[in-house]
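Reading through the structure tokens given below for one structure.
Atom set for the values below is all heavy atoms of this structure, side chains included, hydrogens, waters and symmetry mates excluded. Residue numbers start from 1 in every chain, and the chains themselves are labelled A, B, ... in the order their sequence lines are given, proteins ahead of strands.
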Amino acid sequence: MNTIPKKSFAQKWHIKALVWTAIVLALFIASCAMTGVDVGAFLTGFNQFMQIFYEMLKPDWSYVPFTIKPIIQTIQMALIGTLVGSIIAVPFAVLAARNIVTNTVIRGTIRFILNLVRTLPDLMLAAVFVAVVGIGPMAGVLTLAIFSFGMISKLFYEAIETIDMGPIEALTAAGATKTQVVWFAVLPQVYNHFLSYFLYTFEINVRASTILGYLGAGGIGELLQRSLGQFRYDRTAIVVIGTFIVVVVVDTLSNQLRERLQ
Amino acid sequence: MQEGTPIIEFNDVNKVYPNGTVGLDNINLTINKGEFVVIVGLSGAGKSTLLRAANRLHDVSSGEILIDGQSIVTAKGKQLREVRRNIAMIFQNFNLVKRSTVEKNILNGRVGYYPTWKTIFGLFSAADKQQAAANLQRVNLGEKLYSRADELSGGQQQRVAIARALMQEPKIMLADEPIASLDPRTTVMVMDDLKKLNEELGITVVVNLHSVSLAKQYASRVVGLRAGKLVYDKQIGDVQDGDFDEIYDGKNQEVKEA
């Protein structure tokens, strides 16, 4: 006869799940109370919102020519930032991959640095770089480069950890150096992954760089800030539409390219 | 062929894996230049471990392994790479870089002869590129030079792997279950290729096989392993049909027939 093991008391009454639900609920209510979230304020502000929205329904089309250059600058910032960040990410990703670097000290140090970089929010980086290199696209490029570096290095070392180890063995057996093993057996296997991550990060960076301008880091975001500051919501509308078009176009192109890379 | 000149010597070699599994148990084995040695034994008997110890893809726990009189156990860095350069290896899963072309895969066998920076810029000499094409023709795949490796069938991939191995201009060819994932027809092709290298180029060949019948067909010497121990070692002329029961313990009849 098959004897089914007896459930313990905690298992039988789902004590764990109940306790966790209670804890989450308590935290939610407590944080609402402490931060003073007021749903009412949102409703009273709604009229204001409708008014701005109404003004935005009448876009100032004559403003379009002024947005072309900042939009191009936004894309350029995203492209350069992504390129610089992702190229620097390659050696770090290789050194962080468990199947390539067996030395836990080196790997641990590299991963620690990568984790540290990823914890920095891009808006904070932008604020810092605007202070360091001044207002303008340079600050945006640096921000995006560091953001791309953190993101791609993580995605990339995880891709490296899934490769077929066979070619590595073959190259090692042929008397290759470590660098040659990486170059000939590892990178060809993850080349497509790399391009795909590059495009994905570029997509994210185009979106991010529209906002970075708000902090003075160049691109279309500067116009957003200016028009809002001048209460020219008809111009804001143009900026929003322009951003929308650029993001959609870049996303679509990048998605199609990435599908072909599969 | 210079019969009797040792090229691979295992002296009291032991290998214990970190989890306590005994891989090799006091192996003493001398392989001479020009021999075609087939190693037989059950899965887990230590065949792969033995081969991978010979080019130090695996480290051994104790003992000495001499390649052409030079220790590979203590070799380091450049010295180790130069010893490895003389020992080609082919694998059960071919171990080609699937996304690269056949030509690139074959040239991979040559990287040990170049400084790292030169190979990274792809600066292989015209002579080596010529040799890559010639080696591919030797295994009758000349027209596949610019195909991607993953477009080829298993048998073709294994022959590309042989062409790659030949780029090393090796003295020794190790083959770890080279035909385990191939059908019977391509099995014969690959084994014939190995035999040709042995006879025409005088390369010492050491092959792990499951199949006793193939061993008897191709080997000049048969070595048997069981549970990491060397339990059998005879020249092909002395091999008796009943011998293999000892290696396989009479348990694995179907493996014998394969």
- Is there side-chain contact between B/F91 and A/E169, with at least one heavy-atom pair below 4.5 Å?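 Yes; the side chains approach each other to less than 4.5 Å.
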
- Item | B/T119 and A/F184, any side-chain heavy atoms less than 4.5 Å apart |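 Contact flag for A/F184/B/T119 side chains = yes.
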
- Task: Please check if any side-chain donor atom of B/T116 sits under 3.5 Å from a side-chain acceptor atom of A/T177, or the reverse.
- Result: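 A/T177 and B/T116 do have a side-chain donor-acceptor pair below 3.5 Å.
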
Are more than 12 heavy atoms from other residues, nucleotides or ligands located less than 6.0 Å from atom [atom1] of [X]?
X	atom1	result
B/Y218	OH	yes
A/F244	CZ	no
B/K171	NZ	no
A/I15	CD1	yes
B/Y114	OH	yes

Please state whether the side chain, the backbone, both or neither of [X] comes within less than 4.5 Å of a heavy atom of chain A.
X	value
B/L57	side chain
B/R99	side chain
B/K78	neither
B/N93	neither
B/R56	neither

Which atom pair, heavy atoms only, marks the closest approach of [X] to [Y]?
X	Y	answer
B/R81	A/G175	CD-O, 3.3 Å
A/A176	B/V111	CB-CG2, 3.6 Å
A/A170	B/R164	CB-NH2, 3.3 Å

- Would you confirm whether B/N95, through its side chain, and A/G166, through its main-chain N or O, come within 3.5 Å as a donor-acceptor pair?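 Flag set: sc B/N95 to bb A/G166 pair under 3.5 Å.
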
- Task: Could you check which of B/L107, B/L96, B/V97 has the highest count of heavy-atom pairs closer than 4.5 Å to chain A?
- Result: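 If we count pairs closer than 4.5 Å to chain A, B/V97 comes out on top.
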
- Task: Return the option, out of B/R110, B/Q168, B/K98, with the maximum number of heavy-atom pairs under 4.5 Å with chain A.
- Result: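 Looking at each option in turn, the highest pair count goes to B/Q168.
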
- Partner chain B: residue of A/A174, A/P188, A/A185 with the largest heavy-atom pair count (under 4.5 Å):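 The option with the most such pairs is A/A174.
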
- How far does CZ of B/R84 sit from OG1 of A/T172, to the nearest 0.5 angstrom?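 Reported value, rounded in 0.5 Å steps: 6.0 Å.
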
- Task: With rounding to the nearest 0.5 Å, note down the distance linking CH2 in A/W183 to CH2 in B/W117.
- Result: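 Separation between the atoms: 14.0 Å.
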
